[in-house]
Structures are given as C-alpha cells and as structure tokens.
> 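Take a look at this one; I'll ask things after.
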Amino acid sequence: MDILPILSTLRRHKITAFLVIIEIALTCAIVCNAVFLINQRLDRMHMTSGVAEHELLEILFADIGPNKNQKARTAEDLAALRQIPGVLQVSSANQVPFGNSSWNGGIKLDRNQRVSTLNATTYTGENVLQTLGTQLVEGRNLQPDDYMDFDDVVRAASVKDAKGIPKVTVITQSLAQRLWPGQQPLGKVIYYADYPMTVVGVVKHLVRPAFTDNATAEFTMVLPMRITQGLYIIRTDPQNRDAVLKAAVAKMKAINPHRVILKQRPWDEVRSNFFQNDRAMAGLLVGVCIALLVVTALGIVGLGSFWVAQRRRQIGVRRALGATRRNILHYFQTENFLLATIGIALGMVLAYGINLMLMLHYELPRLPAIYFPVGALSLWVIGQLAVLGPAMRAAAVPPVVATRSV
Amino acid sequence: MFGYYLDLALRSLRRNKTLTALMVLAIALGIGASMTTLTVLHVLSGDPMPGRSATLFYPQLDPQDMDGYEPGKEPMQQVTWIDGMNLLHAKRGLHQALMTGGAVPVQPAQSGMDPFYADARYTSDDFFAMFQVPFLFGRGWSEADDNDKARVVVITRTLNDKLFAGKDSTGQTLRMGDSAFRVIGVLDSWRPNPHFYDMNMGNYVASEDVFLPLTTARELRFDHNGSMDCWGTGGGDEEHLETAPCVWLQFWVQLSSTGDAAAYKEYLLHYSQEQKAMGRFQRPPNVRLPALMEWLDINKVVPGDVRLQTWLAFGFLLVCLVNTVGLMLAKFLRRSGELGVRRALGASKREVFAQLLVESGVIGLAGGAGGLLLAFLGLWLVRKQPSDYAALAHLDMSMLLITFLLAVGSSLLAGLLPAWRACQITPALQLKSQ
C-alpha cells in the first residue's frame with residue numbers, strides 16, 4: 001500500500017487530521033493512566049487481611065449506667081456466647097482489621113532513641129489471634145500466663161511500674177522484616193512506650209485498622225492484655241453466620257437489657273466499608289474510560305464518514321481507473337492507522353507526563369512499561385473498528401460515480 | 001438577521017441528525033462530567049462560616065517533652081486540658097471555646113423507646129455565640145453554668161423532634177447516663193461543612209445532637225471521642241485527664257479583626273515562654289495561629305480523589321471538545337459550495353462567520369442543556385455513594401450559572417476554529433468546481 005498519496009491527501013486536511021491525532025493522543029494518555037489507577041485500586045481492594053474471612057462477626061456495644069464489675073460481666077457474656085451453636089471462638093478485643101477505630105503507637109529499637117522507628121497498631125484481648133484466625137509462622141502464640149488486665153497495666157504505667165506491663169508480643173512478618181531485615185525476629189526486643197517487649201511469635205499476616213499508606217498496612221503487634229472495651233469478635237462457621245449474629249445479640253440483650261448495641265455486623269461488611277471509596281473511584285474511572293473510548297470511536301466514525309462523502313468522486317475515479325474495492329478499503333484503513341500511530345506516539349509522551357504529575361501529587365508509583373504497548377494496541381484496534389464502517393461504504397462506491405457530474 | 005441565521009442553523013443541523021446528535025452528546029457528556037465533579041469540589045472546599053471565617057483562629061502550642069523534638073516541626077493539633085483552660089480563662093479574644101467530641105447514653109422518658117447513644121459536643125459557653133449557632137428555642141448556657149458544672153443541655157432540632165415531638169422542650173428533663181439534665185436550648189438546623197471545629201469525627205460529618213458543658217461531662221466521666229496524643233508517661237488514663245500530658249481538646253478563638261492575629265500570636269508566644277520558665281513546657285516556644293480556612297488546608301480536608309476526579313473530568317471535556325471541533329470543521333467544510341455561493345452573492349466574511357457561530361452556539365446550548373441534565377444525574381449518583389460528604393452534593397445557583405457559561409463558552413470556542421476556517425474559502429474556487 002502506498003503511503004505517500006495518503007500523506008499528501010492528509011496534508012490537504014491538516015487541521016482535521018491534526019484534531020484526530022490530538023483526540024487519539026489525549027484519549028490514549030488519559031486511558032493509560034486511568035487503567036493504571038484502576039489497577040492500583042483493585043490491588044488495594046484485594047489486600048490480604050490475614051484473618052478468617054467470612055467467619056467473623058463484630059458486635060460493638062455499650063452498657064448504660066455505672067460499669068461496676070465489668071470483668072465478671074464480660075466473662076459471663078463470653079461464656080454465654082460460646083454456648084451458641086456454631087460459635088467457634090469469642091474474644092473481647094480492642095479493634096478489628098479494617099475497622100475505623102485503632103490503637104497506634106511508636107516503636108523504638110533502642111530505649112535511648114529520640115524518635116520512634118515507626119508507628120504500629122496494637123491488637124489486644126484474650127484469644128484475639130485465635131478468634132481472628134491468624135496463621136502463626138514462627139515461635140509461639142500468646143499464652144494465658146502472659147496476659148494482664150488492661151486496667152492494671154494502665155495503673156502500672158501511670159506510676160512507671162515496669163513489672164505491671166506486658167513483656168512479650170507477637171508481631172507480623174511484615175513488621176519483623178521492616179524492623180530487622182533478613183534476621184530472625186524471635187527473641188528480639190522492641191520498646192513500646194519505652195517499655196521493653198520480647199518478640200515470642202510471628203504471624204503471617206494481620207492487617208491494621210484505619211490506614212492510608214499500603215506500605216504500613218501490616219505494621220501490627222499484639223499485646224497480651226485482657227480488655228473490656230465494648231467490642232466482641234465472634235468466629236463462626238460461615239453458613240450460620242447471620243443466625244449466630246442474631247442469637248448473639250439476643251443473648252447479650254437478655255443478660256443485660258440496659259445495654260445499647262451500637263453495631264452488629266459480619267466482618268465482611270467492615271472490609272467492604274473500608275474500601276468503599278476505592279470501589280467508587282475504580283467504578284468512576286472505568287466509566288470515564290469507556291466514555292472516552294466511545295466518544296473517540298464515534299469521532300473517528302463521524303470524520304471518516306465525512307471524508308468518504310467528500311471524496312466520493314475521487315473514489316469513483318480511482319475505481320474507474322482500475323482500483324479494486326479492497327484497494328479503497330485499505331486506503332482508508334491505512335489512513336486511520338497512520339493517524340492513530342502518530343496520535344498514540346504523542347499520547348505515550350503525554351501519558352508519561354501525566355504519570356509524573358500524579359507521582360508528584362498523589363504518591364503513585366511509576367506507570368509500568370507494559371501499559372504502553374497494551375494501550376497502543378487497544379487504540380489501534382478501536383481506530384480500525386471505528387473506520388471499518390465508513391471504509392466499507394467507501395469501497396461500495398461504484399465506478400460509475402466518476403462519470404456523473406455532481 | 002439573527003433569526004434567519006438561527007433558522008439556517010436548525011435546517012443544517014436537521015439535515016444530518018446522527019451527526020448533530022453525536023456533537024450534542026459529546027458536549028453534554030463532557031459538561032455533565034465536569035460539572036458533577038466541579039460541584040462536588042465546590043461543595044467540599046466551601047467556607048463553613050461565611051463572613052466570619054477570617055476572624056476565627058485555631059491556636060497551636062507545643063507542650064511536648066524533648067523526646068522526638070525536631071526544630072520547626074508542626075506543633076500538636078490539639079491542646080491539653082491545662083493549656084486549654086488557661087487560654088479559655090485568659091479571654092484574649094472576642095469569643096473562645098474549648099471542646100471535644102463524645103457520645104452520651106440517652107434514656108428517653110417514653111416507654112417503648114430503647115436507650116441510645118447520641119453524638120455529643122462537650123464545650124464551653126461561648127461556642128454558640130462564636131459559631132453563630134441558630135437557636136429554635138431557648139439559649140445556650142452561661143459561664144456560671146460552666147463553672148458550676150451545671151446539668152444543662154442544648155439539643156438539636158432532630159433530637160427534639162425525636163424525644164419531644166418538636167415542641168418547645170426548654171425546662172424539660174433529659175436523662176443521660178445516670179443524671180438528669182435540664183434542656184435549656186434547642187438548635188435550629190445547623191450543619192457547617194466541613195465539620196471544621198473537630199475533624200477527628202470525619203471531615204464532613206453532621207454536627208452533634210447534644211451539647212453540654214465540658215466541665216459537666218468531665219465530672220460525670222462521659223465518654224469522649226476523637227484522637228488523643230500523649231507523651232512521656234501519659235497513658236490517657238480516664239481519671240486523670242485534667243493533669244495528663246496528653247492533647248485531646250480543640251480550642252477556637254474569634255478575634256475582633258484579622259489584624260489582631262499578630263497580637264494574639266504574641267500572647268501565645270509569651271504564654272509558651274512562661275510555661276517553659278515554670279518547667280511545664282520543655283521545647284522552645286513553637287506556636288501557630290492558622291485562620292479557619294488555613295486550618296482546613298493544613299488538614300487537607302478536600303479528599304485527593306475528588307481533585308483527581310475533577311482533573312479527569314476536565315480531561316474528558318477536552319477530548320469531547322476536540323471531537324466536536326473536528327466534526328464541526330468537517331461539516332462546515334463540506335458546505336464550502338453553499339458558503340461560496342453566499343460569499344459570491346455579497347455576504348461578507350464576517351456575516352458567514354456569524355452564521356456559522358450561531359450554528360455552533362445552537363449545538364453548545366443543546367449540549368449545555370443535556371450536560372445540565374447529566375450533571376443532575378451525576379450528582380444523584382454521587383449522593384448514592386457511601387462517603388460522608390455524599391449528601392452534600394447539590395447544584396446551587398452559582399454552579400448552575402457556571403454550567404451554562406461553560407457549555408456556551410466551550411461550544412463557541414469549539415465553533416471558532418471551524419467557522420474561521422470555513423470563512424477562508426475563496427468563493428471563485430468553489431463556484432468553479434460546481
């Protein structure tokens with residue numbers, strides 16, 4: 001196929017050709033970055049939690065009136081909840097993964113360090129790891145004799161009594177890797193609020209509540225404290241989840257009619273709420289990508305139709321001079337391919353520029369190279385599909401048109 | 001003449017309905033998307049206290065010990081009980097209030113209504129005057145009530161509707177926790193956006209349902225919500241919050257004019273030096289006094305996603321416009337013959353140009369109208385989203401006007417190039433080829 005005649009034709013339609021190129025370039029640049037953003041969001045939404053998904057229930061409550069004898073009441077609650085058929089484990093804890101409230105604190109590797117090494121979240125509560133269903137990969141789990149009452153710990157901390165503070169902790173692999181890259185974490189000591197704690201166990205994954213930076217998502221430690229904070233986590237088999245939740249709430253109400261159940265939900269809902277903005281954003285980006293591609297395709301169809309209508313006589317002359325239908329079809333396809341190629345080349349540069357801007361303002365990573373060939377290929381395909389209709393119409397122009405005078 | 005051009009434009013547009021629809025749709029989509037996102041951005045970056053925000057300030061002190069000290073770092077985002085009370089009682093501003101969020105157990109008098117938790121604000125008497133909170137019935141409490149830890153409460157209209165069937169409930173008793181409170185005021189609808197005075201609860205949450213004196217809430221040990229940062233040996237122990245080295249309160253001050261800010265900052269500096277001399281503060285004085293809007297900027301209140309969406313929508317609008325320019329250009333050039341005849345019959349370039357601009361204006365208007373409809377649809381979709389700002393996404397008069405101008409402006413802009421290009425046609429050439 002001769003490209004030169006096409007180029008000389010395009011030179012006579014400079015502005016129109018230029019507009020098509022710009023449109024393809026802009027679409028290519030925006031769609032490349034948007035798809036990248038969508039993938040980032042999807043990755044985030046599929047983040048590993050480390051817990052027994054679909055098996056957990058969260059009940060948040062508050063007892064109205066003076067809280068005398070909280071401890072006994074909690075023990076009674078937990079014993080009653082364990083009686084419910086289908087319940088595997090129950091824990092009175094301080095927070096749930098992906099929840100909105102969180103305990104966080106600075107961790108130091110040396111007591112004399114002035115600034116904390118990093119900020120980690122703290123899970124606590126008897127049996128919290130067993131209830132969440134985390135996977136222990138090294139060392140041991142927290143044991144009954146490690147545990148202290150949270151109220152006693154607070155009292156000990158206020159008089160700086162190190163004896164009353166937990167001495168052991170279980171951390172995640174991610175935190176261990178960050179604190180001691182490539183080393184054996186068991187037996188190492190961290191300083192939490194300036195109190196030393198020895199790492200006795202490592203769990204594979206356990207994500208923190210409320211975080212924005214994915215890199216710190218699993219900076220998690222677990223402390224052995226018994227706590228009564230108005231949060232029960234229940235692990236059950238997934239089939240009876242809803243029935244167990246209902247039964248658990250009914251039982252809690254029966255034990256103390258004056259309590260307010262603030263929230264009761266399967267943990268899956270907590271997870272889904274956590275990512276709701278990511279889901280909405282990904283949906284919006286998908287919508288915009290589709291709209292952009294459709295508009296661009298329709299634009300190509302529109303312009304293609306015009307060019308075909310405008311050149312009807314020339315096409316007729318070419319056909320009369322011996323050009324086949326296939327030649328005409330190829331002519332328009334090649335023309336579109338040329339315009340698309342220039343547009344894509346420009347679009348790549350623009351995509352890279354937009355990505356640099358996003359990296360600067362939104363802490364995004366660099367656009368992976370794979371997006372460039374994939375983006376180019378899809379725009380070529382869309383361009384060819386869009387021009388097919390007008391090109392076929394052009395190919396259908398009979399040679400006799402050449403003999404008619406307008 | 002305009003009427004004639006309009007008639008010509010409509011005729012020409014009717015001749016190729018698909019193409020016209022395509023151009024109108026492209027503009028409508030672009031405008032609809034940009035207006036939706038622009039409206040959300042506009043609503044979210046609005047001024048919560050119009051007319052007053054320039055005189056409202058949020059003092060920041062640096063009461064921490066030397067642990068983790070870095071010179072020039074931003075001081076803490078809240079204040080301790082001691083500092084808050086000192087600043088409050090110094091009364092250096094026109095109005096000032098110390099506050100924190102909380103949740104109180106409400107026990108309705110009606111049988112059949114379960115007890116529930118209501119979001120509360122524990123604050124001091126000036127809160128209502130400083131933020132111009134509208135009252136439906138009654139009034140706020142007095143300084144004496146703050147000092148006496150009086151059992152008085154101000155509730156919102158929503159809660160009043162729920163508990164007292166919307167009647168004037170001042171003087172009635174409301175049981176919260178184990179105490180009886182006297183209702184002294186009912187607020188009219190009030191929802192400043194963003195929830196600027198305490199952004200720990202979410203940037204765009206509704207205002208609280210119950211307001212009571214901070215001193216009373218502390219005496220009754222009501223739960224407080226929000227963030228608490230402690231240092232040294234501070235454990236945030238509920239019993240000793242008044243003396244703990246922890247920041248957990250917000251302090252706002254209103255000055256009589258923006259010009260008084262320098263003097264107030266000077267006062268904060270003196271206060272810090274004094275506290276350092278007493279040994280309470282250890283760090284060199286580090287004070288800030290952001291005004292309300294600056295404080296919102298510091299806290300990056302407008303979600304990054306919303307800004308990104310706005311950029312995306314304008315990128316989309318640009319593509320739609322380029323698309324429309326291309327189509328219009330093709331369309332106008334195709335009519336070279338017709339335009340050539342008109343020029344040959346004596347129409348000036350200017351007249352042809354005007355005629356073509358009318359045609360593109362018609363497309364713009366239609367696209368703008370479509371865009372407006374799409375923007376309403378888009379905002380409706382935004383309101384279906386679960387974010388806490390979703391309910392706020394409404395088009396106001398100014399945004400309506402901007403939509404209209406954007407639509408006509410951008411389509412005229414899109415029409416300029418094709419119309420100009422079509423005017424450049426040499427009439428003789430066109431007539432010859434016929």
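Per chain, numbering begins at 1; letters A, B, ... match sequence-line order. Note that this is a predicted model, so its numbers are computed, not measured.
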> Are the side chains of B:Q309 and A:M281 in touch, meaning some heavy atoms are under 4.5 Å apart?
yes
> Report which part of A:L292 has an atom under 4.5 Å of a heavy atom belonging to chain B: side chain, backbone, both, or neither.
both
> Is the count of non-hydrogen atoms from other residues, nucleotides or ligands lying under 6.0 Å from A:R312 atom CZ greater than 12?
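At most 12 heavy atoms, drawn from other residues, nucleotides or ligands, come within 6.0 Å of this atom.
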> Tell me, do A:I30 and B:L312 make a side-chain contact under 4.5 Å, heavy atoms counted?
yes
> Where on A:I15 is there a heavy atom nearer than 4.5 Å to chain B: the side chain, the backbone, both, or neither?
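Both parts, backbone and side chain.
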> Would you give the length of the straight line joining atom CZ of B:R421 to atom OG1 of A:T16, rounded to the nearest 0.5 angstrom?
7.5 Å
> When you look at CZ of A:F150, are more than 12 heavy atoms from neighbouring residues, nucleotides or ligands closer to it than 6.0 Å?
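For A:F150, atom CZ is crowded (more than 12 foreign heavy atoms under 6.0 Å).
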> Of all of A:S116, A:G302, A:A62, which one pairs up most often with chain B through heavy atoms under 4.5 Å apart?
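Looking at each of A:S116, A:G302, A:A62 in turn, A:A62 comes out on top.
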> Report yes if some heavy atom in the side chain of A:L298 is under 4.5 Å from a heavy atom in the side chain of B:N323; otherwise report no.
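Answer no - side chains too far apart.
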> Can you say whether A:L37 sits under 4.5 Å from chain B via the side chain, the backbone, both, or neither, judging by heavy atoms?
side chain
> Can you confirm whether A:M357 is buried at CE, in the sense that more than 12 heavy atoms of other residues, nucleotides or ligands lie under 6.0 Å from that atom?
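Count not over threshold, so no.
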> With respect to B:L29, which candidate in A:V295, A:V294, A:V288 satisfies the side-chain contact (heavy atoms from CB on, under 4.5 Å) definition?
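The passing option is A:V295.
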> What part of B:R307 is in contact with chain A, defined as an atom under 4.5 angstrom from a non-hydrogen atom: side chain, backbone, both or neither?
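For B:R307, the contact with chain A is made by backbone and side chain together.
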> Identify the heavy atoms of A:L303 and B:A330 that sit nearest to each other, and give their distance.
CD2-CB, 3.6 Å
> Name the member of B:L308, B:L327, B:N225 that forms the most heavy-atom pairs with chain A at distances under 4.5 Å.
B:L308
> So with a 6.0 Å cut-off around NZ of B:K73, is the heavy-atom count from everything else above 12?
yes
> With the side chain counted from C-beta on, respond yes when B:L19 and A:F306 share a heavy-atom pair under 4.5 Å apart, and no when they do not.
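Of all side-chain heavy-atom pairs linking A:F306 with B:L19, at least one is under 4.5 Å.
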> Other residues, nucleotides and ligands only: do more than 12 of their heavy atoms fall within 6.0 Å of CH2 on A:W103?
yes
> Answer with side chain, backbone, both or neither: which region of B:M23 has an atom nearer than 4.5 Å to a non-hydrogen atom of chain A?
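Neither part.
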> Does any backbone or side-chain atom of A:I261 lie under 4.5 Å from a heavy atom of chain B? Answer side chain, backbone, both or neither.
neither
> A:E23 and side-chain contact (heavy atoms from CB on, under 4.5 Å): which single residue from B:V325, B:L318, B:V322 fits?
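Answer to the side-chain contact (heavy atoms from CB on, under 4.5 Å) test with A:E23 among B:V325, B:L318, B:V322: B:V322.
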> Is there a side chain to side chain contact (heavy atoms under 4.5 Å, CB included) between A:R41 and B:D305? Walk through the geometry before answering.
CA-CA 12 Å; A:R41 300 292 167 133; B:D305 275 2; 2.8 Å; yes
